[in-house]
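What you see below is based on every heavy atom in this structure, not just the backbone, and it leaves out hydrogens, waters and symmetry mates. On a predicted model such as this, the values are computed, not experimentally measured, just so you know.
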Amino acid sequence: MIEIKKVLSLIAGIFMAFTPALARNTLLPFEMEGSMMPYDFSQESEKAVWNDSLKPIYVAHVARHGARFISSEKKLTRISRILSEAEANGNLTKIGKDFARLLQEVKETTGERWGELSEVGCEEEKRLAQELMETAPMLKCNISVEAYSSYVPRVVKTMYEYCGELSLRNPKIEINTGEGRRYDYLLRCFESDAAYGAYRKRGNWEAVYDRMVDSVVPVRPARALLRHAGDKNDKELKQLTLEIYDVLQSLRAFGMAAPDDRFMNAEEYRRCWEADNLLHYLRNTDTPLSKLAGKASAPLLARIISDADNALGMRLMRMARNEAEPRSAGDTPVCGTFYFGHAETLMPLLSLMRIEGCHDDTGDYGTLSQRWRDYEIVPLGANLDILLLGSPSGNIHVALRLNGRYLSPVPGGGKTPLWQDYRNYLISLIRELD
């Protein structure tokens, strides 16, 4: 019996030696894809936080575009050149050759669709639209909605996939859409606000980020591609590791197989995410270093409040006229306003609004990932719903739903405060910027 076990063990060892992919085919952590993580529907809340006496009457929906292809082929240029030169010099390892093949597969899968909304993203938007209709049943009625998008094609397509699904589910809905650079001041504040745009490119955040990269990003994944590092120092190798991470974190978003640990292990993947997470926080939120992000996003927050006020005003006028149905095709009540943008649209806004988990002013950057996580805030398809709820008494309440999870509008407060109180709170946050 002992000899049989030895033989079986030997056979198993030989089998594993000739099938290394099977031996180490462990998927890397889904969450560590960070801001390139496709929307995780499993994390959504199942039940509304309001009681049966409250009914949704209006929703402001602020969204990031859905899952996409890698933004540009330029993202692969430097690492492709390094691998090509290494292969020409006989300096490419087996792992390096495997990664070169992966890059080629990425290019072939993408075709000319760099930065475009992927099939994964289209399905995300359709499902998100379906879910909002269930959360806010007034969208199933004879009402109208307004939708605005930045000029970027993947965002425009996100808007039309989302609104198209609403129309498919409710042919009575009237959808008015607009897209283009005229909405930059709302949806692309990271470019339209000159001071903030300059800060994102060069600012005092750089030293903080560089220290994080130096302390956490590993060099082993980069070294594993090359037989010898040659004249590359640790800083250059860390940058190469981050470029490997950029590719791996993007695969699932456009339908390729989820990354496994052939090129970096789970801990190395986590450390790359930690650096990337800090970068997103430093450049796109209010921090102890700068309040420019919130100031740049203030026009969007002011517009959200104004659009909600206008919709409520129209509702009160109709109630005063005692009208149960629209007088004409153009008189349908506005029950929703949708703003489609980018991760860089949402992060400043959510920070300005002081939404739970989206704002951190501790100044403790080394432990930031314990409190501020980009995959919870701006995964692909990220969205914030500000739901106004009518009551039999005529009072209007509000509920917040970020990526399917209900949060307290005011940190530490209740889940459905009065809209007027919350409105005043948001206005006070804007005024503090002056």
(message) A side-chain contact here means heavy atoms from C-beta on lying under 4.5 Å apart; do Leu289 and Tyr199 qualify?
(response) yes
(request) If the plane angle is over 60° it's perpendicular, under 30° parallel, otherwise tilted; pick one for His342 and Phe190. (result) perpendicular
(request) Determine yes or no for a side-chain-to-main-chain donor-acceptor pair under 3.5 angstrom, with Glu268 supplying the side chain and Asn265 the backbone. (result) yes
(request) List the steps and the verdict of side-chain hydrogen bond (donor to acceptor under 3.5 Å, both in side chains) for Tyr185 and Asp193. (result) CA-CA 7 Å; Tyr185 79 103; Asp193 187 296; over 6 Å; no
(request) Answer whether the closest heavy-atom distance between the side chains of Val217 and Gln239 falls below 4.5 Å. (result) no
(message) Given Val208, which partner from the list Met212, Glu206, Arg211 fulfils the side-chain contact (heavy atoms from CB on, under 4.5 Å) test?
(response) Arg211
(request) State, with a plain yes or no, whether a side-chain heavy atom of Tyr375 is found less than 4.5 Å away from one of Trp273. (result) yes
(request) Would you give the length of the straight line joining atom CE of Met32 to atom CZ of Arg373, rounded to the nearest 0.5 angstrom? (result) 8.5 Å
(request) Could you check Lys107, Arg101, Glu108 and say which one makes a side chain to side chain donor-acceptor pair (under 3.5 Å) with Gln104? (result) Glu108
(request) Report yes if the side chains of Phe99 and Ile79 come closer than 4.5 Å at any heavy-atom pair, otherwise no. (result) yes
(request) Ignoring hydrogens and angles, tell me if any N or O in the side chain of Arg182 forms a donor-acceptor pair with the backbone of Glu179 under 3.5 Å. (result) yes
(message) Could you tell me if the side chain of Pro348 sits less than 4.5 Å from the side chain of Tyr196, heavy atoms only?
(response) yes
(request) Using modelled atom types only, decide if a donor and an acceptor are shared between the side chain of Thr362 and the backbone of Asp364 within a distance under 3.5 Å. (result) yes
(request) Identify which one of Glu236, Glu73, Glu243 satisfies the salt bridge (charged side-chain N to carboxylate O under 4.0 Å, His left out) criterion when paired with Arg78. (result) Glu243
(message) Is the distance from the ring center of Tyr148 to that of Phe338 below 6.0 Å?
(response) no
(message) With a 6.0 Å cut-off (strictly less than), is the heavy-atom count around NZ of Lys238, excluding the residue itself, greater than 12?
(response) yes
(request) Check the pair Met138 / Ile57 against side chain to side chain contact (heavy atoms under 4.5 Å, CB included), numbers first and verdict last. (result) CA-CA 6 Å; Met138 77 282 186; Ile57 58 173; 5.7 Å; no
(message) Quick check: closest heavy atoms across Ala67 and Val120, and the distance to 0.1 Å?
(response) CB-CG1, 3.8 Å
(message) Measuring centre to centre across the rings, with the benzene-like ring taken for any Trp, is Tyr281 within less than 6.0 Å of Trp205?
(response) no
(message) Distance check, rounded to the nearest 0.5 Å: Ile173 atom CD1 versus Thr332 atom OG1?
(response) 9.0 Å
(request) Report the C-alpha separation of Met256 and Val106 in whole Å, then their side-chain angles, then the decisive distance to 0.1 Å, and conclude whether the side chain to side chain contact (heavy atoms under 4.5 Å, CB included) test is met. (result) CA-CA 8 Å; Met256 286 187 62; Val106 168; 3.8 Å; yes
(request) Answer yes or no: is there a donor N or O on one side and an acceptor on the other, between the side chain of Thr367 and the main chain of Gln370, under 3.5 Å? (result) no
(request) Would you check if the side chain of Lys55 reaches a backbone N or O of Asp52 as a donor-acceptor pair within less than 3.5 Å? (result) yes
(message) So, applying salt bridge (charged side-chain N to carboxylate O under 4.0 Å, His left out) with Glu134, which one of Lys140, Arg127, Lys47 is it?
(response) Lys140
(request) Check for a donor-acceptor pair, side chain of Asn424 on one end and backbone N or O of Gln420 on the other, with a separation under 3.5 Å. (result) yes
(message) Please determine whether side chain to side chain contact (heavy atoms under 4.5 Å, CB included) holds for the pair Asp276 and His280, giving the CA-CA distance in whole Å, both sets of side-chain angles, and the decisive distance to 0.1 Å.
(response) CA-CA 6 Å; Asp276 206 38; His280 290 149; 3.5 Å; yes
(request) Could you tell me whether the side chain of Ser408 and the main chain of Lys415 form a donor-acceptor pair under 3.5 Å? (result) no
(message) Show, in sequence, the C-alpha distance, side-chain angles and deciding distance for Glu116 and Lys157, and conclude whether the salt bridge (Lys or Arg N to Asp or Glu O under 4.0 Å) test is met.
(response) CA-CA 9 Å; Glu116 291 185 18; Lys157 189 170 183 180; 5.6 Å; no
(request) Taking only Lys NZ, Arg NE, NH1 and NH2, and the carboxylate oxygens of Asp or Glu, determine whether Glu44 and Arg405 approach each other closer than 4.0 Å. (result) no
(request) Indicate yes or no: at least one non-hydrogen side-chain atom of Tyr58 is less than 4.5 angstrom from one of Asp307. (result) yes
(request) Measure the CZ-CE distance between Arg252 and Met37 for me, rounded to the nearest 0.5 Å. (result) 9.0 Å
(message) For Gln130, is the CD atom crowded, meaning more than 12 foreign heavy atoms sit under 6.0 Å from it?
(response) yes
(message) Does any part of the side chain of Val247, heavy atoms only, come nearer than 4.5 Å to the side chain of Leu76, both counted from C-beta?
(response) yes
(request) Ignoring hydrogens and angles, tell me if any N or O in the side chain of Thr285 forms a donor-acceptor pair with the backbone of Met347 under 3.5 Å. (result) no
Pair up each side-chain donor or acceptor in residues 380-391 with any protein partner under 3.5 Å, not counting sequence neighbours, and list the distances.
unit_1	atom_1	unit_2	atom_2	d
Asn383	ND2	Gly381	O	3.1
Asp385	OD1	His61	ND1	2.6
Ser391	OG	Ser393	OG	2.9
Ser391	OG	Asn395	N	3.1
Ser391	OG	Asn395	O	3.0

(message) Is it the case that the ring center of Tyr39 lies less than 6.0 angstrom away from the ring center of Phe41?
(response) yes
(message) Could you measure the distance from the CZ atom of Arg431 to the CG atom of Leu426? Nearest 0.5 Å is fine.
(response) 12.0 Å
(request) Give, for atom CG of Leu242 and atom CZ of Arg271, the distance between the pair rounded to the nearest 0.5 Å. (result) 11.0 Å
(request) Evaluate the side-chain hydrogen bond (donor to acceptor under 3.5 Å, both in side chains) criterion for residues Tyr160 and Glu125: first the C-alpha distance (whole Å), next the side-chain angles of each, then the deciding distance (0.1 Å), finally the verdict. (result) CA-CA 9 Å; Tyr160 284 112; Glu125 294 309 314; over 6 Å; no
(message) Donor-acceptor check, side chain of Asp261 to backbone of Leu27, threshold 3.5 angstrom: yes or no?
(response) no
(message) Between Lys97 and Glu87 (salt bridge meaning N to carboxylate O under 4.0 Å), is one present in this structure?
(response) no
(message) Working to the nearest 0.5 angstrom, can you tell me the gap between Ile175 CD1 and Tyr162 OH?
(response) 10.5 Å
(message) Evaluate Lys235 against Asp214 for salt bridge (Lys or Arg N to Asp or Glu O under 4.0 Å), listing each step before the verdict.
(response) CA-CA 7 Å; Lys235 183 177 180 179; Asp214 188 55; over 6 Å; no
(request) Test His359 against Ser351 for side-chain hydrogen bond (donor to acceptor under 3.5 Å, both in side chains), laying out the working first. (result) CA-CA 5 Å; His359 176 76; Ser351 177; 3.0 Å; yes
(message) Measuring only between side-chain heavy atoms, which start at C-beta, is Ile143 closer than 4.5 Å to Glu174?
(response) no
(message) Regarding Lys291 and Asp286, does a basic nitrogen lie under 4.0 Å from an acidic carboxylate oxygen?
(response) no
(request) Please answer whether the main-chain N or O of Arg200 pairs with a side-chain N or O of Arg283 as donor and acceptor at a distance below 3.5 Å. (result) yes
(message) So which atom in Arg401 and which in Ser45 form the shortest heavy-atom distance, rounded to 0.1 Å?
(response) NH2-O, 4.3 Å
(message) Which residue in the set Val62, Thr345, Ile304, Leu300 passes side-chain contact (heavy atoms from CB on, under 4.5 Å) when paired with Leu186?
(response) Leu300
